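A short write-up of the structure that comes next.
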Amino acid sequence: QVQLVESGGGLVQAGGSLRLSCAASGRTFSSYAMGWFRQAPGKEREFVAAIGRSGILTFYADSVKGRFTISKENAKNTVYLQMNSLKPEDTAIYYCAVTQAPGNLMKVSSWDYWGQGTQVTVSS
């Protein structure tokens, strides 16, 4: 059974920073791509960032490019999302996801397993 547990969410003022973590268990995730999505109230879940199996290739949504950084520690089966210069529009529940056979990384359907989510709230 694959389990993903996110942590690190919270309340922060605009311009501040947070680091999200996602610990994976049940499989060896060195062969998996890992990613982050977010979902704001009343909106669809949207792609934020992804990192390839080796941890070298990274992909970002235009809305977070230059502000967010995704990284991965295969030895710990953990993926991180460093979020800087946060804006109120970044407020959402952030979900971690993994996939063994990535297709279009921006599509929810391309991902195999999901965490329960962690709330990020950015006040203005």
Side-chain angles (χ1 to χ4, degrees):
Q1 185 74 14
V2 175
Q3 289 188 331
L4 301 173
V5 180
E6 300 100 333
S7 61
L11 173 64
V12 64
Q13 288 188 334
S17 298
L18 283 174
R19 188 175 84 151
L20 305 183
S21 300
C22 173
S25 61
R27 295 282 178 89
T28 300
F29 285 94
S30 59
S31 60
Y32 283 69
M34 301 183 79
W36 291 92
F37 282 70
R38 67 187 182 187
Q39 188 166 18
K43 295 188 177 181
E44 294 186 350
R45 192 169 298 189
E46 65 174 4
F47 171 78
V48 175
I51 189 165
R53 299 179 180 91
S54 64
I56 297 174
L57 293 177
T58 57
F59 309 89
Y60 297 94
D62 288 343
S63 59
V64 306
K65 203 171 293 183
R67 300 188 297 122
F68 291 11
T69 302
I70 188 171
S71 60
K72 185 183 181 202
E73 280 192 76
N74 285 335
K76 295 184 177 181
N77 280 354
T78 299
V79 64
Y80 305 97
L81 186 68
Q82 177 67 44
M83 306 186 294
N84 298 328
S85 302
L86 282 161
K87 305 175 181 179
E89 51 263 44
D90 294 318
T91 295
I93 299 174
Y94 282 70
Y95 296 91
C96 172
V98 299
T99 180
Q100 191 172 22
N104 183 338
L105 292 174
M106 297 183 70
K107 294 181 65 175
V108 170
S109 59
S110 295
W111 298 83
D112 301 320
Y113 303 101
W114 294 84
Q116 81 290 348
T118 185
Q119 177 70 49
V120 171
T121 303
V122 185
S123 63
S124 57

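Atoms considered below: every heavy atom in the structure, side chains included; atoms not considered: hydrogens, waters and symmetry mates. Being a predicted model, the structure only gives us computed values, none of them experimental.
S21 and Y80 make their closest contact through OG-CD2, 3.3 Å (heavy atoms, listed as atom of the first residue, atom of the second, distance). Considering all non-hydrogen atoms of both residues, Q100 and R53 come closest at O-NH2, 2.7 Å. Of all the heavy atoms in A14 and S124, the pair that sits closest is CB-CA, 4.4 Å. For the pair A92 and A40, the tightest heavy-atom approach, listed with the atom from each and the gap, is CB-N, 3.8 Å. A pairwise comparison of heavy atoms in R67 and S85 identifies NH1-O, 2.9 Å as the closest pair.
In this structure, CG on L81 lies 15.0 Å from NZ on K72, to the nearest 0.5 angstrom.
Between D90 and M83 there is no side-chain heavy-atom pair separated by less than 4.5 Å. No side-chain heavy atom of T91 sits under 4.5 Å from any side-chain heavy atom of R38. Here the side chains of L86 and F68 are in contact, with some heavy-atom distance below 4.5 Å.
For T78 (side chain) and A23 (main-chain N/O), no donor-acceptor pair under 3.5 Å exists by modelled atom type. Although no hydrogens or angles enter the test, the distance criterion places a donor-acceptor pair under 3.5 Å between the side chain of T99 and the main chain of S110.
For Y94, the ring-ring contact (aromatic ring centres under 6.0 Å, His included) test picks out no residue, with sequence neighbours left out.
Hydrophobic clustering (side-chain heavy atoms under 4.5 Å, transitive across Ile, Leu, Val, Met, Phe, Trp, Tyr) keeps V48 apart from Y95. By the rule that hydrophobic residues join a cluster once side-chain heavy atoms approach within less than 4.5 Å of another member, V108 and L105 end up as members of one cluster. Residues L20 and F47 are members of separate hydrophobic clusters, defined by side-chain heavy-atom contacts under 4.5 angstrom among Ile, Leu, Val, Met, Phe, Trp and Tyr. I51 and V64 fall within the same hydrophobic cluster, defined by Ile, Leu, Val, Met, Phe, Trp and Tyr side-chain heavy atoms under 4.5 Å apart, directly or through other members. F59 and M34 end up in different hydrophobic clusters when Ile, Leu, Val, Met, Phe, Trp and Tyr side chains are linked at under 4.5 Å.
Heavy atoms from other residues, nucleotides or ligands lying under 6.0 Å from NZ of K107 number 12 at most.
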Please tabulate, for the side chains in residues 2-13, all donor-acceptor contacts under 3.5 angstrom to protein atoms that are two or more places apart in sequence or on a different chain.
from : atom 1 : to   : atom 2 : distance (Å)
E6   : OE1    : Q116 : N      : 3.0
E6   : OE1    : Q116 : NE2    : 3.3
E6   : OE1    : G117 : N      : 2.9
E6   : OE2    : C96  : N      : 2.8
E6   : OE2    : G117 : N      : 3.2

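The aromatic rings of F37 and W111 lie perpendicular to each other, with more than 60° between the two planes, well past the 30° mark.
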